[in-house]
Amino acid sequence: MNLSAPPQPLQDAFAWLAAEPDGDPLRELVPMRRHLQAVAGAEIPEAQRRVCLRAFRPRLARTDAAVAPLLLDVMLPLPLRIRNVARAMGEIHDLATRCLHGVSQDPTITTTSRNALRDDAMQVLTHTHRQQMIALLTLAPPPAELWDYALAAFRRAGGLDNPDAHDRLGHMLALMAAQPEGLTPRELNFLAEVLRPFGHGVTLQAEPPAEGEEWLWINPQTGQPPMAGSRLPAPDGQPVLYFNCQRLAEQIGTYVDFLAHGTPPEALKLPREAALPDYLNVLRRAVGHWRNPRRRQFVRRGQTSRGQVCVRLGELWRMLQGGSVDPGSVSDWMVLNESPSGLAMMHLGGDIGGLIAGSAVGFRPGLNDPWSICLVRWARSDNPAHIELGVELIAPTATAVRLVPTAAGAEPIPALLLPPIQRLGLPEALLLARTTEAFKEFTLLTEQGGQLRLSACAVGEPRHQTSSVEVFDFRRITQPE
């Protein structure tokens with residue numbers, strides 16, 4: 001082919017790259033995707049395709065940096081504009097990944113090009129990591145071939161013999177092992193930033209681990225995400241990559257201890273928000289998952305029943321207080337499976353605006369059934385019409401109450417009183433929206449039979465803490481008056 005006359009797709013791409021960038025990087029999403037699609041689909045020598053892809057890197061990074069902040073406050077249902085922006089950015093990274101993967105398969109590549117191939121493989125790991133983050137931040141399933149490309153790039157980059165490749169793949173695997181579906185987008189982005197220099201803390205090996213050790217595994221031949229060996233053993237006779245995050249848990253666990261005792265995050269080279277309670281809790285939860293990969297405690301039973309969900313804590317409180325049901329605040333769901341600890345559900349209809357991981361919701365199977373109190377443990381949505389939730393049942397019923405912190409001028413705070421669960425040895429507890437005001441004692445206000453009853457109480461151990469709500473045990477100092 002005459003190199004002085006590149007194929008038209010290359011000419012168009014280089015002409016666009018040579019032009020002055022748009023003042024708004026988001027407006028470059030559409031033309032960038034169009035040019036990459038043309039370059040990916042054209043019959044172009046792989047050497048020229050590689051040159052073109054490298055020329056795209058600065059513009060792609062600029063647009064990616066503009067998209068990232070838009071994904072930090074995502075709630076369900078995902079706004080159409082945000083969904084379209086995220087999808088376009090994900091497709092751009094996917095196109096770059098596929099092109100670079102194609103370069104590596106070119107049989108004409110010579111030995112003198114091996115360093116360039118390794119650089120391309122590292123770029124694929126960068127692109128697949130960004131695809132992973134976009135999918136996780138928008139509660140969407142990752143692209144079907146993401147792990148295929150990531151693991152193939154890891155091997156081409158040198159695999160276990162390349163510390164940089166180890167770090168990048170370790171970073172991706174550590175995020176998955178931390179159960180990211182239970183984090184809000186801001187919490188997930190924070191954890192990804194913390195983990196950036198700690199990918200080496202993930203132990204990778206090709207050999208099966210010793211009996212009884214806590215390892216996870218991923219199979220390059222299936223493209224499925226990582227799986228804990230405690231939940232499903234790795235298949236025999238296949239090129240499985242095993243990993244665990246025990247060293248990472250020790251490293252980050254040490255940082256958590258320092259932060260909890262007042263060490264400034266800057267002294268540990270951590271993001272500034274690491275000292276805030278919510279983000280410190282994120283690190284604690286991640287360390288817990290790395291140390292003890294989640295086991296399935298109960299058998300899930302398939303279901304096709306229906307139920308109702310109230311996603312607004314304030315409205316749920318009002319209904320539990322005896323108020324009439326606002327049809328606009330209740331949505332319809334189909335129960336997909338259930339266990340003693342929770343439910344998986346699919347949205348059928350009704351408003352669910354503001355739904356995020358960690359929020360409290362009410363669930364009832366029928367109109368005359370009491371509201372059970374649940375915490376959203378994961379959420380996913382591959383399109384606007386399909387939303388699934390996994391919720392943990394934390395109380396079969398609740399009572400709407402108020403509490404007044406023991407402080408001058410304190411205002412009453414709406415809360416849900418959760419009954420004791422004797423079979424689990426759990427005392428009564430309170431659920432309320434997260435507040436920045438810490439208090440140790442309070443007066444509990446309960447209305448019964450038209451009478452207001454007061455109890456002096458002391459805060460006990462925290463039971464659940466998310467970015468949306470907190471649940472804590474408490475002790476009654478005086479009986480209701």
message: Between Glu181 and Arg380, is the side-chain contact (heavy atoms from CB on, under 4.5 Å) condition met? List the steps.
response: CA-CA 8 Å; Glu181 66 275 11; Arg380 54 175 172 251; over 6 Å; no
task: Tell me, please, which residues at least two apart from Arg83 pass salt bridge (Lys or Arg N to Asp or Glu O under 4.0 Å).
output: none
Proximity of His171 and His129 rings by center, below 6.0 Å: yes
field: Gap separating the CG atom of Leu80 from the CZ atom of Arg87, nearest 0.5 angstrom
entry: 8.5 Å
query: Pairs in or reaching into residues 317-327: which pass side-chain hydrogen bond (donor to acceptor under 3.5 Å, both in side chains), with residues at least two apart or in two chains?
result: Glu315-Arg318
- request: Using a 4.5 Å cut-off on heavy atoms from C-beta on, say whether the side chain of Leu316 contacts that of Ile373.
  value: yes
Interatomic spacing from CD in Glu214 to OG in Ser230 - rounded to 0.5 Å: 5.0 Å
message: Run the side-chain contact (heavy atoms from CB on, under 4.5 Å) test on Gln132 and Leu137 for me, step by step, so that the C-alpha distance in whole Å, both residues' side-chain angles and the decisive distance to 0.1 Å come before the verdict.
response: CA-CA 9 Å; Gln132 177 194 31; Leu137 290 170; over 6 Å; no
task: Provide the full list of side-chain hydrogen bond (donor to acceptor under 3.5 Å, both in side chains) pairs with a residue in residues 392-406, sequence neighbours left out, each pair given once.
output: Arg377-Glu392
- request: Compare all side-chain heavy atoms of Val401 with those of Leu430 and state whether any distance is below 4.5 angstrom.
  value: yes
message: So, using side chain to side chain donor-acceptor pair (under 3.5 Å) as the criterion, who are the partners of Glu441 when residues are at least two apart?
response: none
field: Heavy-atom side-chain contact between His386 and Ser381 under 4.5 Å
entry: no
message: One pair to check against side-chain contact (heavy atoms from CB on, under 4.5 Å): Arg81 and Asn84. What are the steps and the verdict?
response: CA-CA 5 Å; Arg81 175 176 177 269; Asn84 289 340; 5.9 Å; no
message: Ignoring hydrogens and geometry beyond distance, is a side-chain donor-acceptor pair present between Thr446 and Arg453 at under 3.5 Å?
response: no
Compile the donor-acceptor pairs under 3.5 Å between side chains in residues 63-72 and protein atoms, sequence neighbours left out, one pair per line.
from: Thr63; atom 1: OG1; to: Arg59; atom 2: O; distance (Å): 3.1
from: Asp64; atom 1: OD1; to: Arg130; atom 2: NH2; distance (Å): 3.4
from: Asp64; atom 1: OD2; to: His93; atom 2: NE2; distance (Å): 3.0
from: Asp64; atom 1: OD2; to: Arg130; atom 2: NE; distance (Å): 2.9

query: Is any side-chain heavy atom of Met176 less than 4.5 Å from a side-chain heavy atom of Trp147?
result: yes
Heavy-atom closest contact (Phe363 atom, Gly307 atom, distance): CE1-CA, 3.7 Å
message: Can you see whether Ser468 engages Arg434 through a side-chain donor-acceptor pair at a distance of less than 3.5 angstrom?
response: no
message: Test of understanding: with side chain to side chain donor-acceptor pair (under 3.5 Å), list the residues that count as partners of Asp473, not counting sequence neighbours.
response: Arg463
- request: Verify side-chain contact (heavy atoms from CB on, under 4.5 Å) between Gln179 and Trp378, making sure each step is shown before the conclusion.
  value: CA-CA 9 Å; Gln179 303 295 332; Trp378 56 263; over 6 Å; no
- prompt: What pairs with Arg196 under salt bridge (Lys or Arg N to Asp or Glu O under 4.0 Å), at least two apart in sequence or on another chain?
  reply: Glu193
message: When you compare the side chain of Ile352 with that of Pro77, does any pair of heavy atoms fall below 4.5 Å?
response: yes
- request: Looking only at non-hydrogen atoms, find the nearest pair between Pro271 and Val194 and report the distance.
  value: CD-CG2, 3.8 Å
message: Could you check whether any side-chain N or O of Gln205 sits under 3.5 Å from a backbone N or O of Glu207, counting only pairs where one atom can act as donor and the other as acceptor?
response: yes
task: Just jot down the side chain to side chain donor-acceptor pair (under 3.5 Å) partners of Glu411, sequence neighbours excluded, or say none.
output: none
- prompt: Between Glu187 and Gly182, which heavy-atom pair has the shortest distance, and what is it?
  reply: OE1-O, 4.5 Å
Reported CG-to-CD1 distance for the pair Leu348 and Ile387, which is rounded to 0.5 angstrom: 11.0 Å
statement: Closest non-hydrogen contact found for Tyr149 with Val124 is O-CG1, 3.9 Å
- request: Any chance you could measure Leu418, atom CG, to Ser372, atom OG, to the nearest 0.5 Å?
  value: 11.0 Å
- prompt: When you measure from the side chain of Asn162 to the backbone N and O of Ala157, does any donor-acceptor pair fall under 3.5 Å?
  reply: yes
Enclosure of Asp236 CG (heavy-atom neighbours >12, cutoff 6.0 Å): no
query: Are Met345 and Leu336 close enough that some pair of their side-chain heavy atoms sits under 4.5 Å apart?
result: no
With sequence neighbours excluded, residues passing side chain to side chain contact (heavy atoms under 4.5 Å, CB included) with Ala275: Pro265
query: Does Arg186 pair with Asp73 as a salt bridge, N-O distance under 4.0 Å?
result: yes
field: Side chain Thr263, main chain Leu259, donor-acceptor under 3.5 Å
entry: no
- line: side chain to side chain donor-acceptor pair (under 3.5 Å) filter on Asp351, not counting sequence neighbours, yields Arg312
query: Where the side chain of Thr466 meets the backbone of Gly358, is there a donor-acceptor pair that is under 3.5 Å apart?
result: yes
message: Rounded to the nearest 0.5 Å, what separates atom CD1 in Ile413 from atom CG in Leu403?
response: 5.0 Å
- line: Residue set satisfying salt bridge (Lys or Arg N to Asp or Glu O under 4.0 Å) with Arg247, at least two apart, ordered chain then number -> none
message: Between Asn244 and Trp215, is there a side-chain heavy-atom distance shorter than 4.5 Å?
response: yes
Polar side-chain atom of Asn281 near backbone of Asp278 as donor-acceptor pair, under 3.5 Å: no
- prompt: So which heavy atom on Ala398 is nearest to which on Leu320, and how close?
  reply: O-CD2, 3.8 Å
query: Is the shortest distance from a Lys or Arg side-chain nitrogen in Arg476 or Glu428 to a carboxylate oxygen in the other one below 4.0 Å?
result: yes
query: Under 30°, 30 to 60°, or over 60°: which ring-plane class applies to Tyr255 and Phe198, parallel, tilted or perpendicular?
result: perpendicular
task: Could you pull out the closest heavy-atom pair between Ala456 and Thr478, with the gap in Å?
output: N-OG1, 3.0 Å
field: Which residues share a salt bridge (Lys or Arg N to Asp or Glu O under 4.0 Å) with Arg285, sequence neighbours left out
entry: none
task: Evaluate the side-chain proximity of Gln246 to Thr203: yes if any heavy-atom separation is below 4.5 Å, no if none is.
output: no
message: As an exercise, state the distance from NE2 of His127 to CG of Leu125, rounded to the nearest 0.5 Å.
response: 10.5 Å
field: N/O donor-acceptor pair under 3.5 Å between Thr126 side chain and Met122 backbone
entry: yes
message: Does Phe472 have more than 12 heavy atoms from other residues, nucleotides or ligands lying within 6.0 Å of its CZ?
response: yes
